[in-house]
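Below is one structure, written out as structure tokens; comments come after it.
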Amino acid sequence: MGLLVQKYGGTSVGSPERIAAVAQRVSRAVANGDKIVVVVSAMSGETNRLVDLTNQFGGQPNEMHRDLVLATGEQVTVGLLCIALEKIGITAKGMLGWQVPVLTDNAHSKARIQNISGAHIEAVFEDHQVCVIAGFQGVTGQGDVATLGRGGSDTSAVAIAAAINADECQIYTDVDGVFTTDPRICENARLLNQVSFDEMLELSSSGAKVLQLRAVEYASKHNMPIRVLSSFSDSKGTLVEEREEMERPVVSGISSVDSEAKLTIRGVPDLPGIAAKILGPISDSGIDIDVIVQNISDENTTDFTFTVDKKDTSEAEKILQKTSESLGGGLIEVDDDIAKVSIVGRGMRGQSGIASKMFQSLADHEINILMITTSEIKISVVIKKDLMKKAVNALHDTFELDKNLDN
Ligand code: ADP
Ligand code: ASP
Ligand code: MG
């Protein structure tokens with residue numbers, strides 16, 4: 001008998017039929033003797049619909065008010081799943097974030113979980129078989145509803161699993177597990193049996209949306225194993241956990257995103273402190289900066305390019321405009337027609353030649369590289385968006401990811 005957290009994403013609860021199927025899956029685990037805490041997302045498309053609604057009044061809505069709206073998606077699914085469970089004879093208790101409580105900081109729309117008390121969840125099992133909790137939401141110290149950022153139900157599930165000391169956190173989604181790359185982009189993508197936390201961190205941070213980055217960070221910090229698996233099949237999925245150093249393929253996965261925009265400020269004075277002057281105000285306004293490149297353009301001036309999430313483009317451009325004025329000029333260019341493709345692998349550590357193999361492969365496929373950034377186990381390139389699929393497939397072939405036999 002185990003204590004398991006099972007999280008079901010949007011597609012897995014996308015219709016009454018899907019919710020009934022989830023209830024059946026949960027009831028099989030209950031029959032197996034397991035104690036199950038279920039964490040649910042909103043039905044697929046619902047959070048997007050709610051975001052659109054909040055944008056109907058012009059300008060940027062207050063994030064605290066918006067969170068009140070966005071959190072309702074998950075509330076609906078909690079209630080529907082409890083109804084479906086009771087229909088097949090399983091007693092269930094549904095809870096919203098504030099009832100648990102999942103305590104967060106005040107950063108509305110991207111709140112971080114500060115504490116979860118497991119006592120309330122454990123008490124549910126005294127007179128119910130299953131506890132169903134709304135993902136993606138919590139409550140601030142002031143008692144306001146806060147959401148955790150898009151894809152945040154993954155993080156809710158992992159944090160709840162850690163709080164109740166669960167044996168495993170199972171993330172049910174619409175693909176069979178974590179693949180060598182997004183199976184919707186590359187038909188040769190191969191299902192991985194296991195992935196280490198550090199590889200998954202790099203894959204998630206560079207765009208593999210199958211697990212939200214914060215969920216992986218949380219799991220790694222609390223050493224909570226995650227199993228990613230499909231709610232549409234009986235595949236064993238992928239185990240993401242702390243793994244001992246061992247022989248690993250040089251490249252174990254490829255990720256891609258087309259959700260970033262590139263901003264360039266040209267001809268700024270090439271002086272110590274210029275990077276801080278340009279990027280400081282952007283970070284101070286809460287915008288995450290991803291890839292950064294600085295060029296020498298002539299003896300005294302430099303060009304500075306960086307990427308941000310598309311939703312932050314106009315805010316970043318405004319801030320850059322002000323910086324440009326204070327520096328006495330500097331032309332600003334914005335390009336949101338870009339994509340970032342990254343190769344990730346633990347085996348890359350200490351191996352030379354991986355970057356040049358990647359660049360050669362892209363060159364052979366006539367893919368021009370606009371920006372490059374590396375970490376110990378990742379190399380990312382920014383390219384034109386329409387070449388993203390071609391790049392992912394080319395690199396998948398070059399590094400023979402369909403063939404790695406030991407994973
Ligand atoms: P959910 O709604 O269940 O949270 P998401 O849409 O957030 O599901 O994440 C699942 C999707 O992640 C898959 O449908 C797939 O297209 C995408 N994905 C991206 N990279 C990968 C990868 N390496 N392995 C598996 N899925 C991936
Ligand atoms: N419903 C939220 C979203 O669409 C949270 C989640 O699905 O994880 O982002
Ligand atoms: Mg998700």
Side-chain angles (χ1 to χ4, degrees), residues 6-14 18 22 39-52 66-67 69-78 97 109-111 133-138 146-159 170-195 199-216 226-233 235 237-238 240 251-259 311 340-345 388-389 392 395-396 401 407:
Q6 296 190 338
K7 176 257 172 177
Y8 291 91
T11 321
S12 302
V13 292
R18 291 300 316 153
V22 166
V39 174
V40 284
S41 289
M43 295 167 82
S44 55
E46 181 61 8
T47 309
N48 287 344
R49 188 185 74 85
L50 295 168
V51 169
D52 280 353
R66 176 184 271 185
D67 273 354
V69 179
L70 298 199
T72 62
E74 273 68 15
Q75 175 164 356
V76 171
T77 329
V78 168
S109 84
K110 50 183 167 205
I133 301 176
F136 179 56
Q137 56 174 267
T147 65
L148 311 181
R150 297 306 302 269
S153 297
D154 295 339
T155 305
S156 306
V158 171
Q170 302 180 335
I171 304 281
Y172 282 91
T173 184
D174 54 5
V175 289
D176 279 346
V178 180
F179 285 72
T180 47
T181 193
D182 188 341
R184 297 185 201 284
I185 294 187
C186 174
E187 60 179 35
N188 294 331
R190 185 172 49 85
L191 180 65
L192 298 167
N193 295 325
Q194 65 227 355
V195 183
E199 282 171 323
M200 198 63 230
L201 281 170
E202 294 285 12
L203 283 170
S204 291
S205 74
S206 56
K209 82 176 206 198
V210 63
L211 281 178
Q212 199 204 31
L213 175 60
R214 281 189 186 172
V216 189
I226 302 178
R227 188 177 295 277
V228 181
L229 62 186
S230 169
S231 69
F232 294 79
S233 76
S235 97
T238 306
V240 186
V251 176
S252 43
I254 301 176
S255 55
S256 55
V257 266
D258 59 4
S259 55
K311 70 170 174 15
K340 187 179 70 173
V341 175
S342 311
I343 60 172
V344 172
M388 182 175 92
K389 189 169 176 179
V392 169
L395 295 171
H396 203 270
L401 293 191
N407 193 322

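Order of listing sets the numbers, starting from 1, for every ligand and every atom in it. Count residues from 1 along the sequence.
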Protein residue, atom and distance nearest to atom 5 (P) of ligand 1, heavy-atom basis: K209 CE, 3.7 Å
Side chain to side chain, R150 and V51, heavy atoms closer than 4.5 Å: yes
Close N or O approach (V175, ligand 1; < 3.5 Å): no
G152 heavy atom under 4.0 Å from ligand 2: yes
Residue pair R184, D174: steps toward the side chain to side chain contact (heavy atoms under 4.5 Å, CB included) verdict: CA-CA 11 Å; R184 297 185 201 284; D174 54 5; 3.2 Å; yes
Residue-ligand contact P183/ligand 1, heavy atom below 4.0 Å: yes
Shortest protein contact, atom 7 (O) of ligand 2 (heavy atom only): S41 OG, 3.1 Å
pair T181-L401: side-chain heavy atoms closer than 4.5 Å: no
Sidechain N-carboxylate O distance under 4.0 Å for K209, D154: no
Name of the residue among L211, L213, V240 meeting side-chain contact (heavy atoms from CB on, under 4.5 Å) with L201: L213
Atoms of ligand 1 close to G10 [distance to a heavy atom under 4.0 angstrom, numbered from 1]: 2 (O)
Residue and atom name of the nearest protein heavy atom (relative to atom 9 (O) of ligand 2), distance in Å to one decimal: R150 NE, 2.7 Å
Nitrogen or oxygen of T180 less than 3.5 angstrom from that of ligand 1: no
Element-labelled atoms of ligand 2 that are located less than 4.0 Å from some non-hydrogen atom of G151: 3 (C), 5 (C), 6 (C), 8 (O), 9 (O)
4.0 Å heavy-atom contact, G177 with ligand 1: yes
Proximal atoms of ligand 2 relative to S153 (non-hydrogen, under 4.0 Å): 5 (C), 6 (C), 8 (O)
Where T173 and S12 come nearest, the two heavy atoms and their spacing: O-OG, 3.7 Å
Donor-acceptor under 3.5 Å (E74 side chain, A42 main chain): yes
Closest non-hydrogen atom pair between S204 and V216, with its separation: OG-CG2, 3.6 Å
Any N/O pair S12/ligand 1 closer than 3.5 Å: no
Numbered atoms and elements of ligand 1 in range of R184, under 4.0 angstrom, heavy atoms: 13 (C), 14 (O), 15 (C), 16 (O)
Atom 11 (C) of ligand 1 [closest protein heavy-atom partner, distance rounded to 0.1 Å]: D174 OD1, 4.0 Å
Heteroatom proximity flag, F179 to ligand 1, N/O under 3.5 Å: yes
Nearest-neighbour protein heavy atom for atom 1 (P) of ligand 1, which is reported as residue plus atom name and distance: T173 OG1, 3.6 Å
Over all atoms of both residues, closest heavy-atom pair of V344 and S206: CG2-OG, 4.3 Å
Within-shell test, K7 vs ligand 1, heavy atom, strictly < 4.0 Å: yes
Contact atoms of ligand 2, heavy-atom distance to T47 under 4.0 Å: 1 (N), 2 (C), 3 (C), 4 (O)
Any side-chain heavy-atom pair of V392 and K389 under 4.5 Å: no
Side-chain (T238) to main-chain (L192) donor-acceptor, under 3.5 angstrom: yes
Q137 (side chain) donor-acceptor with A71 (main chain) under 3.5 angstrom: yes
Proximal atoms of ligand 1 relative to A208 (non-hydrogen, under 4.0 Å): 20 (N)
Close side-chain approach of M43 and R49, heavy atoms under 4.5 Å: no
Nearest protein heavy atom with distance in Å, relative to atom 27 (C) of ligand 1: V210 CB, 3.7 Å
For atom 21 (C) of ligand 1, the protein heavy atom that lies nearest, with its residue and separation: D182 CA, 3.7 Å
Atoms of ligand 1 close to V178 [distance to a heavy atom under 4.0 angstrom, numbered from 1]: 24 (N)
Ligand 2 versus E74: contacting region, heavy-atom distance under 4.0 Å: side chain
Min N/O separation D154 to ligand 1 under 3.5 Å: no
Passing candidate, side-chain contact (heavy atoms from CB on, under 4.5 Å) with S231, options K7, Q6, R18: R18
